[in-house]
**Student:** 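Pasting a structure here, questions to come.
Only heavy atoms go into these numbers, but all of them, side chains included; no hydrogens, no water, no symmetry mates.
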Amino acid sequence: MRDPHADPKADPKVGWVLSRMLLMSIPDEVAQYAEGHRITAYVALGDVRDKERNQTQSNWLWTTQSTSQADYEFDSFRVFVWSTRRHRYETAYIERNVKGYYPIEAVPVPGQDEKSFSLVLQDKDGGIYKRTYGFAGYRVHMISKSPYQRAAALPEVRGTHSFEVDPVPQPNDSTFSEKLQDLRKRWFGGKP
């Protein structure tokens, strides 16, 4: 996933990492609502200026996973907005018990104040759809839903137990008679 605060002109590189080796940069005020689930992705959805506290806070979309042995990337998603009246994050929208897949992304809506984002979700009919949601303030609603074709599955990579290379067997250039003598030595204890 791309850092939303990164320079947009920078070369956007993506890749895979072990999530247990990462520290999330999502604010603690938001991360505390994980309810024991693993945060699998998050995207900033625009900023809110809190004039009383003289600070700017981001609105967030995040996805979470309650189990580690699933064939999908997330099973819940939530939109957090900064309340300028209460000076804290509040949940504007939550959907649980979904089967969600990457990518998730913030989607610009040209000429509108409304922010939007899209997710790839499996419907009850088993089909995979890309849903685009819009939100303004605390109101989140689905804007569009279109069929989505997921990329082909990546080949499974199996781990090894060591980094040692198995020895390569040496070619045996001995003659038949030498092999027979060697066999007699092993059977009869060194007597030809």
**Student:** Sequence neighbours excluded, which residues qualify as side-chain hydrogen bond (donor to acceptor under 3.5 Å, both in side chains) partners of Thr67?
**Tutor:**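 Thr67 satisfies side-chain hydrogen bond (donor to acceptor under 3.5 Å, both in side chains) with no other residue.
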
**Student:** Using the ring of Phe135 (Phe, Tyr or Trp, six-membered ring only), decide whether Lys115 places NZ or CZ under 6.0 Å from its centre and within 45 degrees of its axis.
**Tutor:** no

**Student:** Verify the cluster assignment for Tyr138 and Leu45: are they in a single hydrophobic cluster under the rule of side-chain heavy atoms below 4.5 Å apart?
**Tutor:**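 In one cluster: yes.
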
**Student:** How about Arg150 and Tyr101: do any of their side-chain heavy atoms sit closer than 4.5 Å?
**Tutor:** yes

**Student:** I need the minimum non-hydrogen distance between Ile143 and Ser116, along with the two atoms involved.
**Tutor:** CD1-CB, 4.2 Å

**Student:** Starting at OG of Ser118, measure out to CG of Leu61 and round the result to the nearest 0.5 Å.
**Tutor:** 9.0 Å

**Student:** Would you please say whether a donor-acceptor pair under 3.5 Å links the side chains of Ser76 and Arg96?
**Tutor:**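 Ser76 vs Arg96: no donor-acceptor pair found between side chains.
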
**Student:** Look at the rings of Tyr89 and Trp82 and say which category their plane angle falls in: under 30° parallel, 30 to 60° tilted, over 60° perpendicular.
**Tutor:** perpendicular

**Student:** Taking atom types as modelled, find out whether Gln65 and His37 have a side-chain donor-acceptor pair closer than 3.5 angstrom.
**Tutor:**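 The criterion, which ignores hydrogens and geometry beyond distance, is not satisfied for His37 and Gln65.
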
**Student:** What distance do Thr64 atom OG1 and Arg78 atom CZ have between them, rounded to the nearest 0.5 Å?
**Tutor:**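 Answer for the OG1-CZ pair, Thr64 versus Arg78, is 7.5 Å.
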
**Student:** Return the minimal non-hydrogen interatomic distance between Ala41 and Tyr102, and the atom names on each side.
**Tutor:**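 It is CB-CE2, 3.9 Å.
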
**Student:** Does one hydrophobic cluster hold both Val79 and Val120, with members joined at side-chain heavy-atom distances below 4.5 Å?
**Tutor:**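 No.
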
**Student:** Any side-chain donor paired with an acceptor under 3.5 Å for Thr63 and Thr40?
**Tutor:** yes

**Student:** More than 12 foreign heavy atoms under 6.0 Å from CD of Gln149: is that the case here?
**Tutor:**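 Open.
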
**Student:** Is a donor on one side and an acceptor on the other found under 3.5 Å between the side chain of Asp123 and the backbone of Asp125?
**Tutor:**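 Side chain of Asp123 to backbone of Asp125: no pair is present.
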
**Student:** How far does CH2 of Trp60 sit from OG1 of Thr91, to the nearest 0.5 angstrom?
**Tutor:** 15.0 Å

**Student:** If Ile, Leu, Val, Met, Phe, Trp and Tyr residues are connected whenever their side-chain heavy atoms lie under 4.5 Å apart, and connections chain through other members, are Tyr72 and Tyr42 in the same group?
**Tutor:**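 Tyr72 and Tyr42: separate clusters.
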
**Student:** Heavy atoms, side chains only, cut-off 4.5 Å: are Arg49 and Asn54 in contact?
**Tutor:**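 Counting from C-beta outward, Arg49 and Asn54 do come under 4.5 Å.
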
**Student:** Hey, is Arg85 close enough to Asp50 for a salt bridge, meaning N to O under 4.0 Å?
**Tutor:** no

**Student:** Shared ILVMFWY cluster between Val98 and Ile104, side chains joined below 4.5 angstrom?
**Tutor:** yes

**Student:** Mind checking what makes salt bridge (Lys or Arg N to Asp or Glu O under 4.0 Å) contact with Glu90, not counting sequence neighbours?
**Tutor:** Arg86, Arg88

**Student:** Examine the side chains of Asp75 and Ser66 and answer whether a donor and an acceptor come within less than 3.5 Å of each other.
**Tutor:** yes

**Student:** Look at the rings of Tyr93 and Phe77 and say which category their plane angle falls in: under 30° parallel, 30 to 60° tilted, over 60° perpendicular.
**Tutor:**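 Tilted: the ring planes of Tyr93 and Phe77 meet at 30° to 60°.
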
**Student:** So Thr132 and Phe117, do their side chains get closer than 4.5 Å, heavy atoms only?
**Tutor:**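 Heavy-atom side-chain distance check fails, nothing below 4.5 Å.
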
**Student:** Provide the closest heavy-atom pair for Ala106 versus Ala44 in the form atom of the first, atom of the second, distance.
**Tutor:**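 Smallest heavy-atom distance, with atoms named: CB-O, 4.1 Å.
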
**Student:** Do Tyr133 and Glu95 come close enough that some side-chain heavy atom pair is under 4.5 Å?
**Tutor:**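 The answer is yes, as the side chains (C-beta and beyond) meet within the 4.5 Å cut-off.
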
**Student:** When you look at CZ of Arg139, are more than 12 heavy atoms from neighbouring residues, nucleotides or ligands closer to it than 6.0 Å?
**Tutor:** no

**Student:** Side chains of Lys130 and Lys145: does their closest heavy-atom pair fall under 4.5 Å?
**Tutor:**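 When only atoms from C-beta onward are counted, Lys145 and Lys130 do not touch, as no gap falls below 4.5 Å.
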
**Student:** Please list, chain by chain and in numerical order, all residues satisfying side-chain hydrogen bond (donor to acceptor under 3.5 Å, both in side chains) with Lys99, sequence neighbours excluded.
**Tutor:**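 side-chain hydrogen bond (donor to acceptor under 3.5 Å, both in side chains) list for Lys99, sorted by chain: empty.
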
**Student:** Please tell me whether Tyr148 and Tyr129 form a close aromatic pair, meaning their ring centres lie under 6.0 Å apart.
**Tutor:** no

